Amino acid sequence: MSHGTVSPRVGDAATELLAGAQEAFPAGELERKLGQGRPLRIKLGFDPTRPDLHLGHAVVLRGLRRFQEAGHHIVLIIGDFTAQLGDPTGKDKARPPLSSEDVEANAQSYLDQFGVVVDLERVEVRRNSEWLGKLDLSATLKLAAKATVAQMLARENFARRYERGDAIGLHEFLYPLLQGYDSVAIRADVELGGLDQRFNLLVGRDLLAAYGQEPQVCITYPILEGTDGKEKMSKSLDNYVGLTMEPGEMYGRTMSIPDALLPAWYRLTTGWSAPETASRLENLASGQLHPRDAKMALARRIVELYHGQPTALRAEEGFVKQFQRKAIPDDVPTVAIAERRVNICQALVTAGQVKSTSVARQKIAEGAVKILSGDQTVRVTDPRAEIEIPAEGVVIRLGKSIVRIVPG
RNA sequence: GGGGGGGUUCCCGAGCGGUCAAAGGGACCUGACUGUAAAUCAGGCGGCUCAGCCUUCGAAGGUUCGAAUCCUUCCCCCCCCA
């Protein structure tokens, strides 16, 4: 490691590349690699376990795009092999493995979504089954010998599970090694990942050294909290805003975040420059900017990033109309029902607003079900009520969700 | 291999022969209040042809008028010893 030889230009380049990152280590290493004057091989891996990419993924993807724009070589790894194993990261319990059909379908869906943030034309896409599938037992043992149980237990979530007496599958210890082996297979110079990936990234770094290659630089990105303001954003908790979500839902979900999340979301999801973000947040802090308006600006911005400005404005109008003025929105989801006359509970179930007629009855008892026609709103009070379905359909509202039922 | 402790409704976690669709908490849904925020209060949270009925307490059998609770076998998890 040569200290003090980094030119100012290389240093500036590194700073720019690291915008939005949480940390990069070892310190100075990225600058050193940049100083070699060649395009670096930048690795980013995803396990296609769940088919929706969300704003949390976008934080890292935006970092990746910076490297791409600077002319570095991007290697996107679809963890089709590791997905069947299940990353223990962030889980306090073992994950059920996925079938290979699921993995395949998800992988394709992921690829489509990567394109929303990075330029897929200039990305090398690899599947890790390509090399992991070929590892025989002796190679696997050799790989396993590179790490110790103590190293694995040093990791907080393994340690916690161990202490609590929960099961830890042996294969789970292998996961970080396999992810690390990906780095070896593609000769990574740099690996990006969420902060929660730090351990796995480090294992990759160690493995590169163990296999006689130059160790990778590890760059982590902050974890984005989900719309509930409590847990990290994830599909399984349904506290996420998906990158390919329909604009109205994207806008609405963003509006539902707690105010306390505004600063973090401004910094991590908007792509606004640091100064611009800071000045907006100052206005918010000083009370010049109403939290609601700050949130609307955020929601508008997010929809704009993924659907374009005109769509964002329409999403906002729709939101204001529906929720702030409580009018029937323009694009109500429509469900067709064969009968011309149905029981209200049955209709709610068929329309997917409730999962059973029992629940429908309860919601009616709670006064949550309303039928809207024109500017008339009628609250349904009798679970045995029958509703007529006219040719133009009928709009039913249950709490926040609205559905138009048409004859079919 | 031996000994011990466990598997309860989405999660945690009570129950240990009837009054149990099963305490309590969390999550979630709805109503009120709002800015579809937070906080708060209220209700709900297995299903149905819903004042009643039906199916649940790891699985399968059995005992009993009656079982989540007792017995048998099986499956799975954890701990200790080897």
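It should be emphasised that the depicted structure is a prediction, and the values quoted were computed from it without experimental measurement. We name chains A, B, ... by the order of the sequence lines, and we start the count at 1 in each one.
As a whole-Å value, the separation of A:Leu284 CG from B:A37 C1' is 12 Å. In this entry the distance linking OH of A:Tyr251 with P of B:G35 reads 15 Å, nearest Å. When rounded to the nearest whole Å, the span between CZ of A:Arg379 and C1' of B:A32 equals 10 Å. Spacing between atom NZ of A:Lys400 and atom C1' of B:U34 amounts to 12 Å, rounded to whole angstrom units. Rounded to a whole Å, the CH2 atom of A:Trp265 is 13 Å from the P atom of B:A38.
Look at B:G43: its Watson-Crick or wobble partner, with both distances under 3.5 angstrom, is B:C29. Of the nucleotides present, B:C81 is the one that pairs with B:G1 by Watson-Crick or G-U wobble criteria, both distances under 3.5 Å. B:U49: no Watson-Crick or G-U partner with both key distances under 3.5 Å is found in any strand.
Backbone-only engagement by A:Leu398 is indicated by non-hydrogen atom pairs under 4.0 Å involving sugar-phosphate atoms exclusively. Base contact: A:Gly252 has a heavy atom under 4.0 Å from a base atom. No engagement by A:Leu262 is indicated, since no non-hydrogen atom pair under 4.0 Å with the nucleic acid exists. Backbone-only engagement by A:Pro258 is indicated by non-hydrogen atom pairs under 4.0 Å involving sugar-phosphate atoms exclusively.
Residues forming a ring-ring contact (aromatic ring centres under 6.0 Å, His included) with A:Tyr211 (at least two apart in sequence, or on another chain): A:Tyr181.
Position along RNA chain B of the nearest nucleotide to A:His290 versus A:Gly367 favours A:Gly367 as the more 5'-ward residue.
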B/S/- along nucleotides 20-28 of chain B (protein heavy atoms under 4.0 Å) is -------S-

B/S/- along nucleotides 42-52 of chain B (protein heavy atoms under 4.0 Å) is -BSS-SBSB--

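Nearest heavy atoms, A:Ala144 versus A:Leu177: CA-CD1, 3.8 Å.
A:Arg300 forms no cation-pi arrangement with A:Tyr251, by the criterion of a distance under 6.0 Å to the ring centre and an angle within 45° of the ring axis.
Heavy atoms of other residues, nucleotides or ligands lying less than 6.0 angstrom from CZ of A:Arg187 number 12 at most.
The line from CZ of A:Arg66 to CD1 of A:Ile42 is 13.5 Å long, rounded to the nearest 0.5 Å.
Going from the P atom of B:G13 to that of B:G18 covers 24 Å, rounded to whole Å. Comparing B:U49 with B:G44, their C1' atoms are spaced 22 Å from each other, to the whole Å. Using C1' as the reference atom, B:A14 and B:C20 are 12 Å apart when rounded to the nearest Å. When the P atom is compared between B:C48 and B:U55, the two are found 15 Å apart, to the nearest whole Å. When the C1' atom is used for both B:C79 and B:G43, the distance is 43 Å, rounded to whole Å. The gap from the P atom of B:G47 to that of B:C11 amounts to 15 Å, rounded to the nearest Å.
Listed for the A:Asp189 side chain is a donor-acceptor partner under 3.5 Å among the backbone atoms of A:Arg41. Without hydrogens or angle criteria, A:Gln216 side chain to A:Leu201 main chain gives a donor-acceptor distance under 3.5 Å. Judged by distance alone, the side chain of A:Asn239 and the main-chain N or O of A:Asp228 form no donor-acceptor pair under 3.5 Å.
With hydrogens and angles left out, the side chain of A:Asp259 and the base of B:G35 share a donor-acceptor pair within 3.5 Å.
Counting heavy atoms from C-beta outward, A:Ile78 and A:Asn128 have side chains that stay 4.5 Å or more apart.
By the 30° and 60° cut-offs, the orientation of the rings of A:Trp272 relative to A:Tyr266 is tilted.
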